[in-house]
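Input: a single structure, listed below in structure tokens.
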Amino acid sequence: MRVLSGIQPTGRPHWGNYFGAIRQYIDLQHGNEAYYFVADLHALTTVRDAARLRQNTFDAALDLLALGLDPEKAVLFRQSDVPEVSELCWLLMTGTPMGLLERCHAYKDKKEKGLTADAGLFTYPVLMSADILAYDADIVPVGADQVQHIEVCRDLAGSFNHQFGETFVLPKAKTLDASAKVPGTDGEKMSKSYDNTIELFEDPKAARKKIMRITTDARPMEEPKEPDGDHLYQLYSLFVGDAEREAMAALYRRGGFGYGEIKKALADAAESFFADARTRRAALVADPARVEQILADGAVRARKKAAATLARAQKNCGLR
Ligand code: TYM
């Protein structure tokens, strides 16, 4: 199987990115041909500061490596290092119905909030489709919020194939049941744009403060509580094994505990969960040339694959 996914360097990665997507990247690099990239072209729709975009892009690559992405197994690269994708994006754009993009939630949400959307945001799912199709990806590991975009990609690929003959592989989204939509500190989807995130590598003290501020209800301590659907329990469950999760569920159902104890247990579990990655990250920070070299090697490998797909698409639609 060929696997592909990307993450936007719009800020530091948070628990939602890790449990929804990055953890899948790491698992799927074994036994598959895997391509993972930092989506700096997509980030340009929101990050309008050159130095910050460049730094965030480098940091996102470094974070992925620290979390266990192995450049011997997977190809890691910057999206903008593969210009073939932007050209492929145009080929797809010529056959993209406006209505399909108007239904996409990222654009719709912004419009509903009364914000002005630019063409970059509007056509964002087409660039994402080009990303996926350029590498003949079969599987795209993502969180639930990206599933609609993969459906758009399938539509565009299907209609191109129908019009010009078999050109693109139709991909499938892969989400994880337990963590396709990780809640944030307010119980809504964890998202940089909702300001409810807890970052993977933030200072442990700052992370602990945020955890202590996770919203909870005002029921009395002694009252038994249902763990399912409780976002604090859901977050705790991400970090522990079955035995600890069941013990926590039993505690909820028994009652007689304070949410403060649970938050402390969550902070401890999260700190030890990311401790090794934090150590690996420090080593990578001390050796930026290594990270640059990995990205440069990744770009060469990714371009080779994307150039072959672009040539196939160009030929089929009459450009060569
Ligand atoms: P981005 O950068 O917003 O998010 C990266 C990945 O993290 C997942 N995610 C979550 N999963 C579960 N719970 C959450 N609260 C949560 N928040 C984020 C996202 O679903 C995503 O998988 N458009 C993409 C980047 C992209 C891409 C692609 C992805 C560009 N081209 C091609 C796949 C294939 C994005 O904005 O992800």
Side-chain angles (χ1 to χ4, degrees), residues 2-26 28 34-47 53 56-57 59-61 63-64 67 69 77-80 82 85-86 88-89 92 104-107 109-110 120-121 123-154 156-157 169 171-200 231 234-235 237-238 302 306:
R2 214 169 275 120
V3 180
L4 169 128
S5 201
I7 181 164
Q8 280 199 77
T10 41
R12 307 309 316 287
H14 54 70
W15 290 0
N17 297 137
Y18 180 77
F19 288 102
I22 300 170
R23 188 174 48 165
Q24 300 200 73
Y25 306 172
I26 314 283
L28 291 166
Y35 294 85
Y36 301 121
F37 64 93
V38 183
D40 51 356
L41 293 175
H42 277 110
L44 200 52
T45 62
T46 47
V47 183
L53 181 59
N56 282 3
T57 303
D59 286 348
D63 290 338
L64 290 173
L67 290 164
L69 204 141
F77 59 102
R78 287 186 190 91
Q79 184 184 31
S80 61
V82 186
V85 165
S86 301
L88 190 57
C89 178
L92 295 170
C104 285
H105 55 68
Y107 169 73
D109 291 353
K110 206 161 179 177
L121 182 76
T123 55
Y124 181 115
V126 190
L127 179 58
M128 194 166 152
S129 302
D131 286 327
I132 299 169
L133 300 176
Y135 305 96
D136 290 336
D138 303 292
I139 295 180
V140 187
V142 285
D145 60 345
Q146 297 299 320
V147 171
Q148 186 190 31
H149 293 149
I150 317 260
E151 290 306 315
V152 168
C153 175
R154 286 177 67 88
L156 298 184
V169 174
K172 276 206 179 79
K174 187 173 175 301
T175 54
L176 295 172
D177 288 345
S179 55
K181 191 176 166 190
V182 173
T185 50
D186 56 357
E188 296 301 315
K189 185 193 90 165
M190 186 175 284
S191 165
K192 290 162 211 165
S193 37
Y194 301 158
D195 197 20
N196 64 358
T197 60
I198 303 173
E199 293 158 8
L200 304 182
H231 60 273
Q234 200 181 333
L235 288 171
S237 300
L238 296 171

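Only this structure's heavy atoms are used, side chains among them; waters, hydrogens and symmetry mates stay out. For ligands, and for the atoms within them, numbers begin at 1 and follow the listed sequence. Sequential numbering from 1 along the given sequence is applied to the chain's residues. Model, not experiment: these values are computed from the prediction.
The parts of N17 lying near ligand 1 are both backbone and side chain, judged by heavy-atom distances below 4.0 Å. Residue contacts with ligand 1 for T10 are absent, since no atom lies close enough (heavy atoms, distance under 4.0 Å). Using a 4.0 Å cut-off between heavy atoms, S179 contacts ligand 1 through its backbone alone, with no side-chain atom that close. Looking at L127 against ligand 1, nothing comes within 4.0 Å, counting heavy atoms. Counting heavy atoms under 4.0 Å from ligand 1, residue S191 does not touch it at all.
Taking a cut-off of under 4.0 Å to the non-hydrogen atoms of G20, the atoms of ligand 1 that pass are 11 (N), 12 (C). Heavy-atom contacts of V140 reach the following atoms of ligand 1: 33 (C), 34 (C) (cutoff under 4.0 Å). Atoms of ligand 1 lying under 4.0 Å from at least one heavy atom of A21, given by number and element, are 6 (C), 7 (O), 22 (O). Every atom of ligand 1 is numbered from 1 in the order shown, and the set under 4.0 Å from a heavy atom of I132 is 32 (C), 34 (C). Ligand 1 places these atoms under 4.0 Å from at least one heavy atom of I7: 2 (O), 5 (C). Less than 4.0 angstrom separates some heavy atom of H42 from each of these atoms of ligand 1: 30 (C), 31 (N). Atoms of ligand 1 lying under 4.0 Å from any heavy atom of K189, numbered from 1 in the order shown and given with element: 15 (N). Applying the 4.0 Å criterion to heavy atoms of V142 picks out, from ligand 1, the atoms 22 (O), 33 (C).
Shortest contact from atom 12 (C) of ligand 1 to any protein heavy atom: A180 O, 3.1 Å. Protein heavy atom at the shortest distance from atom 37 (O) of ligand 1 is Q146 NE2, 3.9 Å. Nearest protein heavy-atom neighbour of atom 28 (C) of ligand 1: M128 CG, 3.3 Å. Distance from atom 29 (C) of ligand 1 to its nearest protein heavy atom, with residue and atom name: G6 O, 3.4 Å. Shortest contact from atom 31 (N) of ligand 1 to any protein heavy atom: D131 OD2, 2.8 Å. The single protein non-hydrogen atom nearest to atom 13 (N) of ligand 1 is V182 N, 2.8 Å, given as residue, atom name and distance.
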(message) Please determine whether side-chain contact (heavy atoms from CB on, under 4.5 Å) holds for the pair Q79 and L44, giving the CA-CA distance in whole Å, both sets of side-chain angles, and the decisive distance to 0.1 Å.
(response) CA-CA 11 Å; Q79 184 184 31; L44 200 52; over 6 Å; no

(request) Starting from the C-alpha separation in whole Å, work towards a yes-or-no answer on side-chain contact (heavy atoms from CB on, under 4.5 Å) for R23 and S179. (result) CA-CA 10 Å; R23 188 174 48 165; S179 55; 3.0 Å; yes

(request) Would you sort out whether I26 and L69 count as a side-chain contact (heavy atoms from CB on, under 4.5 Å), showing the intermediate values? (result) CA-CA 6 Å; I26 314 283; L69 204 141; 4.2 Å; yes

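For the pair T175 and A180, the tightest heavy-atom approach, listed with the atom from each and the gap, is CB-CB, 4.0 Å. Contact between L235 and P183 at its shortest, heavy atoms only, is CD2-O, 3.4 Å. Here the closest heavy-atom approach between residue K174 and residue L176 is recorded as NZ-CD2, 4.1 Å. The minimum heavy-atom distance linking P9 with V47 is given by the pair O-CG2, 4.2 Å. In plain terms, the two heavy atoms of N196 and E188 that are nearest each other are ND2-O, 3.7 Å. Residues F19 and V182 share a closest heavy-atom pair of CB-CG2, 3.9 Å.
Summarising the local packing, NZ of K181 is surrounded by 12 or fewer heavy atoms from other residues, nucleotides or ligands at distances under 6.0 Å.
Ligand 1 has no nitrogen or oxygen under 3.5 angstrom from a nitrogen or oxygen of P141. Checking only distances, G16 does come within under 3.5 Å of ligand 1, N or O to N or O. The shortest N or O to N or O distance between Y25 and ligand 1 is not below 3.5 Å. Some N or O of Y124 is nearer than 3.5 Å to an N or O of ligand 1, by distance alone. Geometrically, ligand 1 and M190 share a nitrogen or oxygen pair separated by less than 3.5 Å. On a distance-only criterion, Q8 and ligand 1 share at least one N/O pair closer than 3.5 Å. At under 3.5 Å, a nitrogen or oxygen of D145, whether backbone or side chain, sits near a nitrogen or oxygen of ligand 1.
Ring centroids of Y135 and F77 are separated by less than 6.0 Å, placing the two rings close together.
Residues F37 and L4 meet the side-chain proximity criterion, which asks for heavy atoms closer than 4.5 Å. A 4.5 Å side-chain heavy-atom check between Y25 and I7 finds at least one atom pair inside the cut-off. Put simply, the side chain of T185 reaches to within 4.5 Å of the side chain of I198, judged on heavy atoms. Taking the side chain as every heavy atom from C-beta outward, D63 and L200 never approach each other to under 4.5 Å. The shortest distance between side-chain heavy atoms of H149 and V142 does not fall below 4.5 Å.
Heavy atoms of H14 approach ligand 1 to within less than 4.0 angstrom. Residue contacts with ligand 1: F37 is included, with a non-hydrogen atom under 4.0 Å away.
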